[in-house]
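We name chains A, B, ... by the order of the sequence lines, and we start the count at 1 in each one.
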There are 2 protein chains.
Amino acid sequence: MTRKTATVLRDALEHEIVEGRLRPGEHLDEMSLAARFDVSRTPIREALLGLESSGLVEIRPRRGAFVRRVSARELVEMFETMAELEAACCRFACQRMTDAQEDVLMRRLQRCEEAAASGDVERYYAENELFHTAIYAASGNSFLEAQSRMLQSRLKPFRRHQLHARGRMTQSQTEHRDIVASIRAGEQQRVVDVIRAHIVVQGEKFTSLIASLEAEERAKAS
Amino acid sequence: MTRKTATVLRDALEHEIVEGRLRPGEHLDEMSLAARFDVSRTPIREALLGLESSGLVEIRPRRGAFVRRVSARELVEMFETMAELEAACCRFACQRMTDAQEDVLMRRLQRCEEAAASGDVERYYAENELFHTAIYAASGNSFLEAQSRMLQSRLKPFRRHQLHARGRMTQSQTEHRDIVASIRAGEQQRVVDVIRAHIVVQGEKFTSLIASLEAEERAKAS
DNA sequence: GTCAACTAAATTGTATACAATCTTTTCGGG
DNA sequence: CCCGAAAAGATTGTATACAATTTAGTTGAC
């Protein structure tokens, strides 16, 4: 924990934004938030500053903080970037994954397998996240790992509902097996191609949904 | 400008850290800084929080802010990640660079050429930065572009002195020409290989220097 | 009736005050 | 003389107060 209250507040607000309780474009009034959490404006401001640099809120001078609304284009760009980061992790994993890292990766793959077999989407969603985290660690580059985790958490809310798409879960798991096999075989070019497709497909699937939401927003605004 | 005073303070502190006036490990006392800039602690704190999330300072609870000291290992990891980001930018540029983006890139390459010919290292240093920025823009992915610029600015202080290495400037410019030619020819695999080498060499060159600095620090501490 | 300008309310940005924790110094014991 | 504990000092974290700017509401003119 970096700080006492401010960090807790930041996590709470982050959660509410990610869960959609605080809607995109919504104005985050410092006094209201301070009253709601029963603290002063000071730690609220610090939390908002942190959320700004993680990209969840936008602070406009003398206007206040607003829940950032991501455009369809930006979302696609983030997924595309995520794909490149994960591709880099896989490439490095091919070159230097340790036995311990490989063990973790295999265990996580197995847990995804079980979750997929159970048909429990929420469970697969959680295991899937851990699986990808294991890939980041296997890169042997802590900085790249941290960057990947940051973007992963930022894309989290957009990945959640996506897995419910018909047949997506088993398809995803098939790709997972392919990725692990390729890494273990040291097939850099193959794993890079597979993981790019694995990640980008999520962004593409979501584009139309977001685009329609945007059209809806625009209609509401007029 | 995001805010009025706090942003100015952040830029000022960032500059002092990057320029080495504030040394790694140094304790950033809020009251002293407030007195020095003739403001209250409030905007100082906000500036420090921003610097923390950009990775320049570390805030330890109830201990205060310290200029972050990057280890040799972390530095190598950052350069390695930078190489992957730039490789991704080049790859996308091969696929979708616009004519306007290509024009900018060519102009920046030319300016590097002139700077290299003049032998003015500081000038080449500045033009080199703009050249790479043009590559990020040519990726056609604003998010990736922003991420690349962030890491670029973070690595800035470590790149500066490095160009003074004998023959490095002309070697660098040769690589620049190669990169642009490959992008224009759409040779993805080639450009990716070249840019990786172009970036990583800087990190490697610096590893031994940083390692020796660390040894020095340890000696001083004991 | 509509639009513009002025005034008042509300909100952000900064300064100051207070509380809690950590650091340092001093005093006492071994 | 050195080590440890307690108290004083210093520094961070939070709350409150004030200033500056924006926004909304009202009033007046056309």
Starting at [atom1] of [X] and ending at [atom2] of [N], how long is that distance when rounded to a whole Å?
X: A/E52; N: C/dG13; atom1: CD; atom2: P; value: 10 Å
X: B/F37; N: C/dA15; atom1: CZ; atom2: P; value: 13 Å
X: B/F66; N: D/dT12; atom1: CZ; atom2: P; value: 8 Å
X: B/L49; N: C/dT14; atom1: CG; atom2: P; value: 14 Å
X: A/D29; N: C/dT11; atom1: CG; atom2: C1'; value: 7 Å
X: B/R41; N: C/dT16; atom1: CZ; atom2: P; value: 12 Å
X: A/R60; N: C/dT11; atom1: CZ; atom2: C1'; value: 14 Å
X: A/E30; N: D/dT14; atom1: CD; atom2: P; value: 15 Å

Would you say [N] has OP1 or OP2 under 4.0 Å from some side-chain N or O of [X]?
X: B/S40; N: C/dA15; value: yes
X: A/H27; N: D/dT23; value: no
X: B/R45; N: D/dG13; value: yes
X: B/T5; N: C/dT14; value: yes

Inset, instruction - Under the side-chain contact (heavy atoms from CB on, under 4.5 Å) rule, what do A/E80 and B/L144 come out as? Steps first, then yes or no, please. - result: CA-CA 8 Å; A/E80 202 175 70; B/L144 177 60; 5.8 Å; no
Inset, instruction - Record whether the side chain of B/R63 comes under 3.5 Å of the base of D/dG13 through a donor-acceptor pair of N or O atoms. - result: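 Looking at the base of D/dG13, it does not pair with any donor or acceptor on the side chain of B/R63 (distance under 3.5 Å).
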Inset, instruction - Confirm from the modelled atom types if A/R62 and D/dT21 form a donor-acceptor pair under 3.5 Å, side chain to base only. - result: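 When only heavy-atom distances are counted, A/R62 does not reach the base of D/dT21 through any donor-acceptor pair under 3.5 Å.
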Legend entry - Closest heavy-atom pair and its distance - A/S172, A/Y124: OG-OH, 2.7 Å
Legend entry - Distance-minimising heavy-atom pair for A/V67 and A/R23: CB-O, 3.3 Å
Inset, instruction - Look at the side chain of A/P43 and decide which nucleotide, out of D/dA15, D/dA17, C/dA20, has an atom nearest to it. - result: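 Nearest listed nucleotide: D/dA15.
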Inset, instruction - Please confirm whether the backbone N or O of B/A6 pairs with a side-chain atom of B/E46, one donor and one acceptor, at under 3.5 Å? - result: no
Inset, instruction - Inspect the contact between B/R159 and B/E129 and indicate whether a charged nitrogen and a carboxylate oxygen are less than 4.0 angstrom apart. - result: no
Inset, instruction - With DNA chain D as reference, determine whether A/D38 or B/M31 sits nearer its 5' end, using the nearest nucleotide of each. - result: B/M31
